[in-house]
Student: 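Quick one: this structure, given as structure tokens, is what I'll be asking you about.
Computed from a predicted structure; not experimentally measured.
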Amino acid sequence: MDRPETLLTAPAVTAPPAPPAPEPVPVVAEPPPRRPDPRWTRPALAVLLLAAGVLYLWGLGASGWANSFYSAAAQAGAESWKAFFYGSSDAANSITVDKTPASLWVMALSVRIFGLSSWSILVPQALLGVATVGALSATVRRWYGPVAGLLAGAILALTPVATLMFRFNNPDALLVLLLVLAAYATVRAVETAGTRWIVLAGALVGLGFLTKMLQAFLVVPVFAGVYLLAAPTGLGRRIRQLLLAGLGLVVAAGWWVAVVELVPASARPYIGGSQGNSILELTLGYNGLGRITGNEEGSVGGGRAGGGGPFSGQTGWLRMFDTEVGGQISWLLPAALILLVAGLVLAGRAPRTDRRRAGLLLWGGWLLVTGLIFSFMSGIFHAYYTVALAPAVGAVVGIGAVLLWRERAAAPGPAGAHEPGVPAEPVPGAATPGTRAGRRGLLATVTLAAALAVTAWWSWRLLGRSPDWYPWLRSLVLVGGLAAAVLMVLAGRLPRRVMPVVLALGAATALAGPAAYALQTAATPHTGSIPSAGPAVQGGFGPGRGGIPGGRMPAGAQFPGAPGGPNGQFPGGQLPGGQLPAAPGGNQIGQNGGTGQTRQPGGVPGGLPGQAAGGAGRAQGGGGMGGLLDSRAPSAELKALLERDAEDYTWMAATIGSNNASGYQLATGRPVMAIGGFNGSDPSPTLAQFQAYVADGRVHWFVGGGGFRANGGSSASQEIAAWVADTFESQTVDGVTVYDLSSGQEG
């Protein structure tokens with residue numbers, strides 16, 4: 001019997017469990033390798049920056065203290081670290097300026113190093129301007145090439161309002177640089193979805209808040225929206241990164257605000273511009289939503305429903321093109337709008353991360369959002385605010401012009417037949433002018449020519465507002481621009497060697513108007529609180545040397561709370577020739593270019609001490625609107641009187657209004673108390689506090705004049721002025737009424 005066969009079966013083998021699938025890692029697209037710039041790029045950039053430096057630095061000292069309000073604060077910050085930190089108007093820390101202090105820190109450090117002078121205050125602004133031109137050029141060049149970058153930088157450098165503000169000491173120069181750097185950081189963040197770059201962008205905007213408060217935030221929705229759209233990573237990660245960027249913004253902007261709010265009011269200066277000694281009130285009110293609504297308690301502008309006040313102008317869609325603002329910023333604004341639309345059309349249905357579209361949305365969004373808010377804000381608005389639009393205008397024009405030119409050059413047929421690398425005749429099988437590519441090229445050519453023609457026409461209109469100022473330039477710009485536009489359309493039929501001439505002619509005519517305005521601005525000294533670029537224009541304010549540029553206001557301008565008709569409108573709604581009435585102390589407001597040198601008998605009822613018989617009038621120098629918008633430079637005799645025993649007092653003198661005080665402070669180097677802050681309408685100090693200062697021997701002199709009745713606000717300055725006039729004897733020195741508060745004698 002056979003043995004049964006044994007069946008051997010292998011034991012079952014259990015496979016080890018598969019490892020869990022790793023979580024998907026967000027894919028971050030590597031940026032394509034950048035083509036090396038042509039050899040001429042760096043020399044061309046160096047020439048651009050050198051030219052900008054010459055434009056911004058040449059003859060800079062002629063503007064003196066420029067805006068003495070900020071110059072005095074820089075002088076105070078150079079003497080006292082406490083004044084430096086808070087941005088105090090004087091080294092004894094009675095009150096701050098009505099802005100956050102970052103721009104003052106730059107000037108005060110310069111004054112500490114180099115001493116107090118016009119150059120030590122203004123040169124940092126010029127250098128900030130050169131840095132802004134370089135930063136804008138670098139940002140645009142990164143995605144669109146060196147030609148676009150250089151064109152954007154040149155447009156910014158030659159924008160009249162940019163030339164003005166980069167030669168002036170308002171906060172705008174630092175603000176614009178910080179915003180351009182934030183745009184650069186956003187561009188870098190979009191390239192690689194880099195968290196550090198987008199957080200840096202938020203921090204830079206936060207520093208912009210410390211420069212000029214909420215105006216810095218106008219670009220936030222644009223930068224955030226572009227990153228959310230175009231960053232090459234998942235939606236969840238993009239949102240988290242933007243939250244981190246928001247945290248960076250809050251930290252950069254909020255640390256100083258937190259310190260100021262936490263320090264007891266008795267241990268710091270009064271917050272100028274607020275009615276409740278609060279930086280939060282200043283941020284959300286006078287310098288915040290009040291600028292939008294016109295409800296700015298304590299101001300002398302705004303408050304007029306639907307149109308702003310005397311320092312606001314008429315709101316509306318065309319505000320950026322009107323008589324006062326147009327010559328500052330709008331030279332290339334129509335071209336920018338045309339090229340923005342054309343560039344977005346060319347982008348078409350590009351992928352979400354398309355950089356061509358992302359860059360246009362970034363700069364175009366900056367231009368549209370900021371421009372629309374400026375156009376419709378009903379509070380205080382000055383034409384020089386539009387310097388914030390200059391980088392966006394330059395970038396959009398530079399980008400749009402290059403994109404359209406590339407589209408034109410890439411088109412088949414006559415439109416691109418004479419461009420390098422494009423055959424003179426269509427090759428077999430190539431597209432023809434009737435194809436979609438050919439039509440796009442023709443459309444790009446026509447659009448570019450149209451933008452140039454519109455720019456020439458608008459320059460002709462702007463130059464026509466100053467008909468006696470180089471009238472030949474007006475015709476030259478129009479004829480040259482239209483000729484270049486026609487030749488551009490016909491370029492396909494012209495020899496190749498003609499194209500550089502056409503391009504040069506187009507660029508020259510497009511930039512001739514703003515360049516002429518910029519050169520005139522650089523050659524003209526500017527002082528006071530409301531500077532203006534370019535020559536005087538018909539129906540506008542003019543170049544501005546002193547408080548009110550050109551010394552004239554539009555007919556029917558209103559001052560909230562001013563004496564006269566209802567709601568502060570002067571009787572009859574206007575004065576002959578649009579001139580302004582007598583200011584406190586008997587000066588005619590804004591006459592002779594805002595200098596206030598023409599006297600009127602008497603003064604504003606209920607005004608300041610020394611108005612009788614034209615007393616407390618003007619010393620030497622500015623003083624538009626009774627010292628509200630410009631400083632008063634004391635004569636040698638008055639200066640010697642004020643400096644007598646000054647070292648024995650905390651404040652050498654006190655006077656109403658920060659600008660009024662700044663002139664005396666800068667002339668003597670001694671602290672001067674600015675009663676009521678900028679407008680004389682802040683409750684700092686109160687009458688009781690001032691009486692205590694006088695009783696303690698801390699204030700030597702009271703100088704009459706200054707200030708103006710404001711839109712609401714405190715009446716403490718008027719109460720102090722009345723008490724001084726009733727309590728102390730007056731004396732008049734070179735037309736200025738002063739009171740010796742140490743005499744104790746009643747008048």
Student: Quick one, Leu487 and Val498 - any side-chain contact, counting heavy atoms below 4.5 Å?
Tutor: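 No, too far: nothing below the 4.5 Å cut-off.
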Student: Which heavy atom of Leu156 sits nearest a heavy atom of Ala390, and at what distance?
Tutor: CD1-CB, 3.5 Å
Student: Working to the nearest 0.5 Å, report the span between CG of Leu122 and NE2 of His526.
Tutor: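 Going from the CG atom of Leu122 to the NE2 atom of His526 covers 12.0 Å.
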Student: Answer whether the closest heavy-atom distance between the side chains of Val325 and Ser330 falls below 4.5 Å.
Tutor: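 SC-SC contact between Val325 and Ser330 ruled out.
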Student: How long is the span from the CD1 atom in Ile198 to the CZ atom in Arg238, to the nearest 0.5 Å?
Tutor: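 Output value for this atom pair is 12.0 Å.
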Student: Take Thr455 and Thr509 through the test side-chain contact (heavy atoms from CB on, under 4.5 Å) and record every step on the way to the result.
Tutor: CA-CA 9 Å; Thr455 299; Thr509 53; over 6 Å; no
Student: Has the side chain of Ser137 got a donor or acceptor atom that lies under 3.5 Å from a matching backbone atom of Val133?
Tutor: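 Absent.
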Student: Without swapping roles, check the side chain of Trp197 against the backbone of Ala193 for a donor-acceptor pair under 3.5 Å.
Tutor: no
Student: Is there side-chain contact between Arg474 and Arg465, with heavy atoms separated by less than 4.5 Å?
Tutor: no
Student: Judged by modelled atom types alone, do Asn169 and Asn67 share a side-chain donor-acceptor pair under 3.5 Å?
Tutor: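 Judged by distance alone, the side chains do not pair up.
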Student: Answer yes or no: is there a donor N or O on one side and an acceptor on the other, between the side chain of Arg167 and the main chain of Trp58, under 3.5 Å?
Tutor: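 Answer holds: yes.
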Student: Ring centroid separation for Trp469 and Tyr517, is it under 6.0 angstrom?
Tutor: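 For Trp469 and Tyr517, the ring centres are under 6.0 Å apart.
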Student: If we only count heavy atoms from C-beta on, is the Arg141 to Thr41 side-chain gap below 4.5 Å?
Tutor: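 Yes, side chains in contact.
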Student: Please evaluate residues Leu362 and Val219 with respect to the criterion side-chain contact (heavy atoms from CB on, under 4.5 Å), reporting the C-alpha separation (whole Å), side-chain torsions for both, the decisive distance (0.1 Å), and the verdict.
Tutor: CA-CA 9 Å; Leu362 187 147; Val219 300; over 6 Å; no
Student: Cation over ring, Arg461 on Phe321, under 6.0 Å and within 45°?
Tutor: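 Judged by the rule (NZ or CZ under 6.0 Å from the ring centre, within 45° of its axis), Arg461 is not positioned above Phe321.
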Student: Which heavy atom in Leu164 sits nearest to a heavy atom in Ala533, and how many Å separate them?
Tutor: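 Shortest heavy-atom contact: CD2-N, 3.7 Å.
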Student: Any chance you could measure Phe223, atom CZ, to Leu204, atom CG, to the nearest 0.5 Å?
Tutor: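 Here the interatomic distance stands at 9.5 Å.
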Student: Give, for atom CG of Leu60 and atom CG of Leu55, the distance between the pair rounded to the nearest 0.5 Å.
Tutor: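 That separation rounds to 10.5 Å.
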Student: Could you state the interatomic distance from CD1 (Ile399) to CG (Leu339), rounded to the nearest 0.5 Å?
Tutor: 10.5 Å
Student: Look at atom CZ of Phe376 and say whether more than 12 heavy atoms of other residues, nucleotides or ligands are closer to it than 6.0 Å.
Tutor: yes
Student: Report the C-alpha distance between Val199 and Leu247 in whole Å, list the side-chain angles of each, state the deciding distance to 0.1 Å, and finish with yes or no for side-chain contact (heavy atoms from CB on, under 4.5 Å).
Tutor: CA-CA 8 Å; Val199 171; Leu247 179 60; over 6 Å; no
Student: Between Leu452 and Ala485, which heavy-atom pair has the shortest distance, and what is it?
Tutor: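 For Leu452 and Ala485, the tightest heavy-atom pair comes out as CD2-N, 3.7 Å.
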Student: Is any side-chain heavy atom of Glu191 less than 4.5 Å from a side-chain heavy atom of Arg355?
Tutor: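 Yes, at least one pair of side-chain atoms sits under 4.5 Å.
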Student: Which heavy atom of Phe374 sits nearest to which heavy atom of Thr386, and what is that distance?
Tutor: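 Looking at all heavy atoms of both residues, the shortest contact is CE1-CA, 4.0 Å.
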Student: Keeping Tyr56 on the side-chain end and Ala157 on the backbone end, is there a donor-acceptor pair under 3.5 Å?
Tutor: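 Yes; at least one donor-acceptor contact below 3.5 Å.
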Student: Taking the basic N atoms (NZ, or NE/NH1/NH2) and the acidic carboxylate oxygens, is any pair closer than 4.0 Å for Glu324 and Arg319?
Tutor: no
Student: Does the side chain of Val147 reach to within under 4.5 Å of the side chain of Trp405, using non-hydrogen atoms?
Tutor: no
Student: Does some side-chain heavy atom of Pro514 sit less than 4.5 Å from a side-chain heavy atom of Thr159?
Tutor: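 Result no, sub-4.5 Å side-chain heavy-atom pair not found.
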Student: Show your reasoning for whether salt bridge (Lys or Arg N to Asp or Glu O under 4.0 Å) applies to Asp172 and Lys212.
Tutor: CA-CA 7 Å; Asp172 302 76; Lys212 207 177 178 186; 2.7 Å; yes
Student: Quick one: list whatever passes ring pair (Phe, Tyr, Trp, His ring centres under 6.0 Å) with Trp460, sequence neighbours left out.
Tutor: none
Student: Using only atom types and a distance under 3.5 Å, with no angle test, would you say the side chain of Tyr144 pairs donor to acceptor with the backbone of Arg356?
Tutor: yes
Student: Can you check whether Phe209 reaches Gln215 side chain to side chain, under 4.5 Å on heavy atoms?
Tutor: no
Student: Among residues at least two apart in sequence or on other chains, which ones pass side chain to side chain donor-acceptor pair (under 3.5 Å) with Gln241?
Tutor: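 Applying side chain to side chain donor-acceptor pair (under 3.5 Å) to Gln241 gives Thr195, Tyr227.
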Student: What are the two closest non-hydrogen atoms of Thr211 and Pro171, and how far apart are they?
Tutor: CG2-O, 3.3 Å
Student: To the nearest 0.5 Å, what is the distance between CG on Leu463 and CG on Leu476?
Tutor: 10.0 Å
Student: Does Leu344 offer a backbone N or O that forms a donor-acceptor pair with the side chain of Arg357 under 3.5 Å?
Tutor: no
Student: Assess the residue pair Leu174 and Trp105 against the criterion (side-chain contact (heavy atoms from CB on, under 4.5 Å)); give the C-alpha distance rounded to whole Å, side-chain angles, the decisive distance to 0.1 Å, and a yes or no.
Tutor: CA-CA 11 Å; Leu174 179 60; Trp105 294 342; over 6 Å; no
Student: I'd like to know if the side chain of Thr353 and the backbone of Ala230 have a donor-acceptor N/O pair within less than 3.5 Å.
Tutor: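 Here the side-chain-to-backbone pair does not exist.
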Student: Parallel, tilted or perpendicular for Tyr385 and Phe381, by the 30°/60° rule?
Tutor: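 Correct class here is perpendicular.
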Student: How close do Arg352 and Leu228 get, heavy atom to heavy atom, and via which atoms?
Tutor: NH1-O, 4.3 Å
